[in-house]
Amino acid sequence: MPPDFISNLYVFILAGFVGFGLIKRVSPLLHTPLMSLTNALDAIVVVAAIIITGRHETPLTTTLGAIAVAASFSNMVGGFFITDRMIRMFKSGAAKKS
Amino acid sequence: MPPDFISNLYVFILAGFVGFGLIKRVSPLLHTPLMSLTNALDAIVVVAAIIITGRHETPLTTTLGAIAVAASFSNMVGGFFITDRMIRMFKSGAAKKS
Amino acid sequence: MNAAAIQQYLDFAYIAAVVLFILALKWLSSPVSARRGVLAGEVAAGLAVVATLYNPELVAYKWIVIALIIGAGIGIPLGMVKITAVPQRTALSHAFGALSAAMIGIAEYYVGLSRISRFEMGEIAMEVIIGSLTFTGSLIAAGKLQELLPQRPIVYKGQNIVSLSVLGAAVLLAAALVIHPEQTVLFPIMVIVALLFGVMLVTPIGGADMPTVISLLNSYAGFSAALLGFVLNSKVLIVAGALDGSSGFILSVIMCKAMNRSFTNVLFGAFGTVQVAVGKIEARPVRSASAEEAAEILDAARKVVIIPGYGMAVAQAQHKLRELHDILTKRGIDVSFAIHPVAGRMPGHMNVLLAEADVPYDRLIEMDEINPEFPRTDVVLVVGANDVVNPAARNDKNSPIAGMPILNASEAQTVMVIKRSMSPGFAGIDNELYYLDKTLMLFGDAKNFVTSIIKELNAVAAGT
Amino acid sequence: MNAAAIQQYLDFAYIAAVVLFILALKWLSSPVSARRGVLAGEVAAGLAVVATLYNPELVAYKWIVIALIIGAGIGIPLGMVKITAVPQRTALSHAFGALSAAMIGIAEYYVGLSRISRFEMGEIAMEVIIGSLTFTGSLIAAGKLQELLPQRPIVYKGQNIVSLSVLGAAVLLAAALVIHPEQTVLFPIMVIVALLFGVMLVTPIGGADMPTVISLLNSYAGFSAALLGFVLNSKVLIVAGALDGSSGFILSVIMCKAMNRSFTNVLFGAFGTVQVAVGKIEARPVRSASAEEAAEILDAARKVVIIPGYGMAVAQAQHKLRELHDILTKRGIDVSFAIHPVAGRMPGHMNVLLAEADVPYDRLIEMDEINPEFPRTDVVLVVGANDVVNPAARNDKNSPIAGMPILNASEAQTVMVIKRSMSPGFAGIDNELYYLDKTLMLFGDAKNFVTSIIKELNAVAAGT
Ligand SMILES: NC(=O)c1ccc[n+]([C@@H]2O[C@H](COP(=O)([O-])OP(=O)(O)OC[C@H]3O[C@@H](n4cnc5c(N)ncnc54)[C@H](OP(=O)(O)O)[C@@H]3O)[C@@H](O)[C@H]2O)c1
Ligand SMILES: NC(=O)c1ccc[n+]([C@@H]2O[C@H](COP(=O)([O-])OP(=O)(O)OC[C@H]3O[C@@H](n4cnc5c(N)ncnc54)[C@H](OP(=O)(O)O)[C@@H]3O)[C@@H](O)[C@H]2O)c1
């Protein structure tokens, strides 16, 4: 077992509890934006992809890394963009009048 | 910085979020038992105290450890005991009739 | 600054990102704070990306920059798609996320080849399998939703056995790799088999079942990112993956509950389910009405509830419905929208569409809240909804939707239903509601019919 | 089994304990699942303790066993105290928890002396200071609540400056130790100074303010355990400490909100606050009534709300109130209890007392829920409550309790107040409610007066 496995497991379990607790409380009104937002957050794998690409160890890993960077960065950019667009559409009656 | 500091910080932050999320939702009805339950959970420091005592390195540390074992174990035993007693007092009207 | 010191800064940047991620989800819980949530997410992502660029391990930036530019080039248009294209965009983004996770896992295998332990090999294999099948599965889902691929379920005899064998093959290859990580030839085969399994997993499923599948794939994409975090020992990936994974998981569960499917049915069985054959529906008499009559009835009401469904999305009738809402509201009529959790084809589908059309969100009422209101409602206007108002869910224990919670439209004084024909909805079953005495069928396309009603209402106003 | 393998089992046992801890708190959220929550906590604690006994580092068990027996010997009687003694028991248990954390931190300092880094020294010093001050502070709090120490605030001129200097000295000693960890002579001095600061922190605070202090000390005890987890690199301690710490913190915040004190006021200022001098209360006429009249009024009502307060706890009137509730309910009168979040002297104080007296918890209604009911209430019976029904909180901007949310007793048809005199409550201010035309004062001890009312009610029943 790698030395950090246990601490990673703690992080995973706790983050899972945090996730369940928070997402259960997201208003059904916002379930569609929720999907696109978590998608954008998940695109954080781009940091791992950047490291693989930039370490430049073999042409193969650099290529795989660059594909991963492009794929996840497109998710990040597009995900935040569309989430923000959708969220801005939600207006309360009060806000609409003013 | 000790090597595990960062992973401990993750655990602390995530556990803090979990704690806030959960405790905010505890019914005010149960705020008194909540205090005694978290107290009993906190008495888990007994595991650290056991290790200090059992390593038996110097008379000083063994003594400090033994005091710590007694203090925290009394919290653990007493905390669960009184929490359970209090909780058992809470009965719903339906339960009372049956 | 030496590498260790930089690493500390990076660690703190990632921790800050994690905190912001959590706050982002927290703030998303209500429309009032949701924009702040998106902002928090953006700051977190920006912080993490910029910090990573300072990582001392990086030696060449060229490909990073090129890939980032390409990524932005793909992402920006994908962020600008029409709201109606959101389902397929979501499926596509799961494909991208899974692709990325799989690519990194594969690269990690080749990089670490000489010093890989069995445990790590197991983690990598699991990660790459889940990432690969999610990639192809999501692509198929996106293709079906975009109608590039046939929407209907593609099935053949013995399909389940073939699919399971393919999955079994992938798992066996993974096991062989765990025992002999140096057998590099097995690795690409495992990836290909997993990709194939993704295709076989989603192809048999009908287009209408895609939302459930998308949520599950969402959860897979998240968990594969978390697994990748274990492989790379990156806590920020673990947290982001766990958040994304639990989100997809909860959305699937919510959908299951609202469709009254069991949870295991979705996790293990939903993929195999084939659309129930449409039972022969006998022709029974219904009362139908014209736009003029509908307008008169609406005009005379004090409390109107509009129930939108998938048909509203198909017809793009949300803007016209907002107009109708405005006109009636101006006449002092209390108008609200009743939103069933699985109305449409995506969780929250009706809400985004109506929000897009500028309906204030406080007029969008959830099922549990609006159901007690129906007995006090004069007119219910059902617009392209079917299953979500089908009383069979309550009355007929043998119905495929038995037990599914529904909107109790039938309790209102008068029910008017806009749809094009008597053909059934997603579940493929007849709807008793249409045959009630209090029900008037308004046959036609949702958008056109609502437009006509609005015209009539304005005529009435002009007439008086 | 080698040590590494055992360590793995221990790690998994601790992870299981953490999961169970979280579930324990989750299940505590409602009275229906609360017992399951306690059980989960017990299993978790048992698992962790038993697992630890297998730790290969342990060489001698004698002192462990002796200490465990002593601990059980102290803990069991402390678990059997009367419910009315719960506040001081809680304070005492914070003292024990903090003592334990401080002892371990001290031991860790002496054990690791030769290889301690500055960073670790800083962690240990912080941990030991917080643990020590929480220990003595909690002891003083327990002493005041048990009335072993004078309840009144003990103050002298320049107190704040002296106390802050003592804290400053502890911090300076800690800083010196971080720079020179080998200066062992400084360490015990730092501990003593911290212990002293704990005493100085709590002594100036009046007995009635103790609950806020207890919650804060709860949070300190939790965070010192979490810090200890950092020192020992034990994640189970970090999680348990963070859960306990956030619990104490949230309870303090809830109390602050319900008392309309600002959050910073509690964190930094509450300790300095001295009870507001009781303003001279002019003698104004009030209407008082006898138990017989009170019984008649109650008997004629259809809806009665009982508002218990600190006086009910003092008089131990909860059992008699349950009797009253039962009698009235049997006569078809709708009786409920309105619970203010800070009624009494401890969060949840009224709830446990009434639950102890067997009042079903669905008759205990929270403030926000019951407030809209008062206009429809025939009789409000205030039993030893004062501040929580004081309309000055709403009407008088200059009142010390201005802005504190209250139970709107004054909106009922008739208000009856049981207390012994016209003297004020915790906040030390007069209460307009007592002078209203609709208000009847029932002077007497809560328990005795309720007993008399019950007697009269039974007499009425026997008479008819
Ligand atoms: N929301 C989700 O996440 C999700 C996920 C998976 C499955 N589902 C399922 O999808 C269904 C959703 O229920 P629903 O009531 O919204 O939809 P539905 O039951 O599928 O019914 C839609 C109705 O709209 C009508 N329609 C279609 N195009 C129209 C147009 N242009 N103008 C007017 N009417 C039109 C159709 O009748 P005509 O053909 O006669 O016009 C059809 O009966 C549920 O069974 C649910 O379980 C939902
Ligand atoms: N719950 C918490 O966590 C907490 C924490 C800190 C502070 N506090 C504060 O405590 C106060 C609680 O309000 P409260 O309305 O419950 O209590 P209160 O304002 O302190 O009033 C209690 C009343 O009970 C009467 N009383 C005392 N002994 C009695 C007896 N034996 N029989 C009959 N009456 C008796 C007293 O009047 P007589 O002397 O005339 O009988 C007094 O007016 C609030 O100001 C709150 O902010 C609460």
Side-chain angles (χ1 to χ4, degrees), chain B residues 1 4 8 11-12 15-16 18-20 22-23 25-29 31-32 34-35 37-39 41-42 44-45 47-57 60-62 64-78 80-84 86-87 89-93 96, chain D residues 21 25-26 28-31 34-35 38 41-42 45 48 52 55 57-60 63-64 67-68 70-72 74-75 78-79 90 93 96-97 99-101 103-104 106-107 110-111 119 222 225 230 232-233 235 238-240 242-244 246-247 250 341 347-348 351-352 355-356 360-362:
Chain B
M1 226 161 45
D4 272 313
N8 288 336
V11 170
F12 179 71
V18 173
F20 271 85
L22 289 177
I23 285 156
R25 257 166 292 285
V26 171
S27 154
L29 206 59
H31 275 167
T32 303
L34 169 66
M35 257 198 176
L37 182 69
T38 53
N39 227 278
L41 298 186
D42 197 42
I44 195 72
V45 287
V47 305
I50 289 176
I51 292 173
I52 295 270
T53 314
R55 278 202 306 226
H56 207 60
E57 292 183 273
L60 175 65
T61 59
T62 307
L64 292 170
I67 297 176
V69 169
S72 46
F73 196 59
S74 83
N75 264 356
M76 191 175 266
V77 173
F80 282 122
F81 197 172
I82 200 158
T83 309
D84 195 50
M86 285 194 276
I87 297 279
M89 291 172 182
F90 285 89
K91 297 185 197 74
S92 77
K96 235 190 113 193
Chain D
F21 280 174
L25 285 183
K26 195 182 159 77
L28 196 72
S29 63
S30 123
R35 286 201 73 185
V38 177
E42 287 167 352
T52 305
N55 190 311
E57 287 183 47
L58 304 185
V59 294
W63 287 106
I64 297 176
L68 285 175
I70 296 178
I74 304 172
L78 277 180
T90 307
S93 72
F96 284 168
L99 172 69
S100 177
M103 292 289 120
I104 298 169
I106 295 171
Y110 288 110
V111 168
F119 194 91
F230 277 88
L232 303 174
N233 196 14
K235 303 220 162 30
I238 296 178
V239 175
L243 294 176
D244 191 33
S246 51
S247 162
I250 290 179
N351 297 307
V352 240
E356 186 200 9
Y361 63 76
D362 29 23

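The sequence lines fix the lettering, A, B, ..., with proteins before strands; numbering per chain opens at 1.
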(message) Quick check on D/Phe119 against chain B: is it the side chain, the backbone, both or neither that has a heavy atom closer than 4.5 Å?
(response) side chain
(message) Only pairs of heavy atoms separated by less than 4.5 Å count here; which of D/Ala72, D/Ala45, D/Gly75 has the most with chain B?
(response) D/Gly75
(request) In sequence, state the C-alpha distance, the side-chain angles, and the governing distance for D/Tyr110 and B/Glu57, and then conclude on side chain to side chain contact (heavy atoms under 4.5 Å, CB included). (result) CA-CA 10 Å; D/Tyr110 288 110; B/Glu57 292 183 273; over 6 Å; no
(request) Among the options D/Gly97, D/Ser93, D/Ala240, D/Gly41, pick out the one with the most heavy-atom pairs lying under 4.5 Å from chain B. (result) D/Ser93
(message) The test is side chain to side chain contact (heavy atoms under 4.5 Å, CB included); show your working for B/Ile23 and D/Leu28 and say whether it passes.
(response) CA-CA 9 Å; B/Ile23 285 156; D/Leu28 196 72; over 6 Å; no
(request) With sequence neighbours left out, write down each residue that passes ring pair (Phe, Tyr, Trp, His ring centres under 6.0 Å) with B/Phe20, or none if nothing qualifies. (result) D/Phe249
(message) Has D/Ser100 got a side-chain atom pairing as donor or acceptor with B/Ile67's backbone, closer than 3.5 angstrom?
(response) no
(message) With a 4.5 angstrom heavy-atom cut-off, is it the side chain or the backbone of B/Ile50 that approaches chain D, or both, or neither?
(response) both
(message) Can you tell me which portion of D/Asn233 sits under 4.5 Å from chain B's heavy atoms? Options are side chain, backbone, both or neither.
(response) both
(message) I need the D/Asp362 CG to B/Lys91 NZ distance, nearest 0.5 Å.
(response) 12.5 Å
(message) What's the separation between atom CZ in D/Phe96 and atom CG in B/Asp42, rounded to the nearest 0.5 Å?
(response) 14.5 Å
(message) Is D/Ile250 in contact with chain B via its backbone, its side chain, both, or neither, using a 4.5 Å heavy-atom distance?
(response) side chain
(request) Against chain D, label B/Thr62 side chain, backbone, both or neither, depending on which of its atoms sit under 4.5 Å from a heavy atom there. (result) side chain
(message) Looking at every non-hydrogen atom in both residues, tell me the closest pair between D/Asp244 and B/Asn39 and how far apart they are.
(response) OD1-N, 3.8 Å
(request) Side chain from CB out, backbone as N, CA, C, O: work out which of these in D/Leu232 comes under 4.5 Å of a heavy atom of chain B, or both, or neither. (result) side chain
(message) Within this structure, what is the CD1-CG distance for the pair D/Ile238 and B/Asn8, rounded to the nearest 0.5 Å?
(response) 3.5 Å
(request) Taking the side chain as every heavy atom from C-beta outward, state whether B/Phe90 and D/Asn351 have any pair of such atoms under 4.5 Å apart. (result) yes
(request) Look at D/Ala67, D/Gly222, D/Gly348 and state which one has the largest set of heavy-atom pairs under 4.5 Å with chain B. (result) D/Ala67
(request) Go through the atoms of B/Leu60 and report whether side chain, backbone, both or neither lie under 4.5 Å from a heavy atom of chain D. (result) side chain
(request) Please look at D/Ser247 and chain B and tell me whether the side chain, the backbone, both or neither of the residue comes under 4.5 angstrom of a heavy atom of that chain. (result) both
(message) Test side chain to side chain contact (heavy atoms under 4.5 Å, CB included) on D/Leu78 and B/Ile82; report intermediate values, then the result.
(response) CA-CA 8 Å; D/Leu78 277 180; B/Ile82 200 158; over 6 Å; no
(message) Between D/Pro341 and chain B, with a heavy-atom cut-off of 4.5 Å, which part of the residue counts as in contact: side chain, backbone, both or neither?
(response) neither
(request) Output the distance between atom CE (D/Met103) and atom CD1 (B/Ile52), rounded to the nearest 0.5 Å. (result) 12.0 Å
(message) Just to verify, what does D/Phe230 make a ring pair (Phe, Tyr, Trp, His ring centres under 6.0 Å) with, not counting sequence neighbours?
(response) B/Phe5, B/Phe12
(request) Name the region of B/Ile44, side chain, backbone, both or neither, that has any atom closer than 4.5 Å to a heavy atom of chain D. (result) both
(message) side chain to side chain contact (heavy atoms under 4.5 Å, CB included), that's the test. Do D/Leu25 and B/Leu34 meet it? Break it down for me.
(response) CA-CA 8 Å; D/Leu25 285 183; B/Leu34 169 66; 4.0 Å; yes
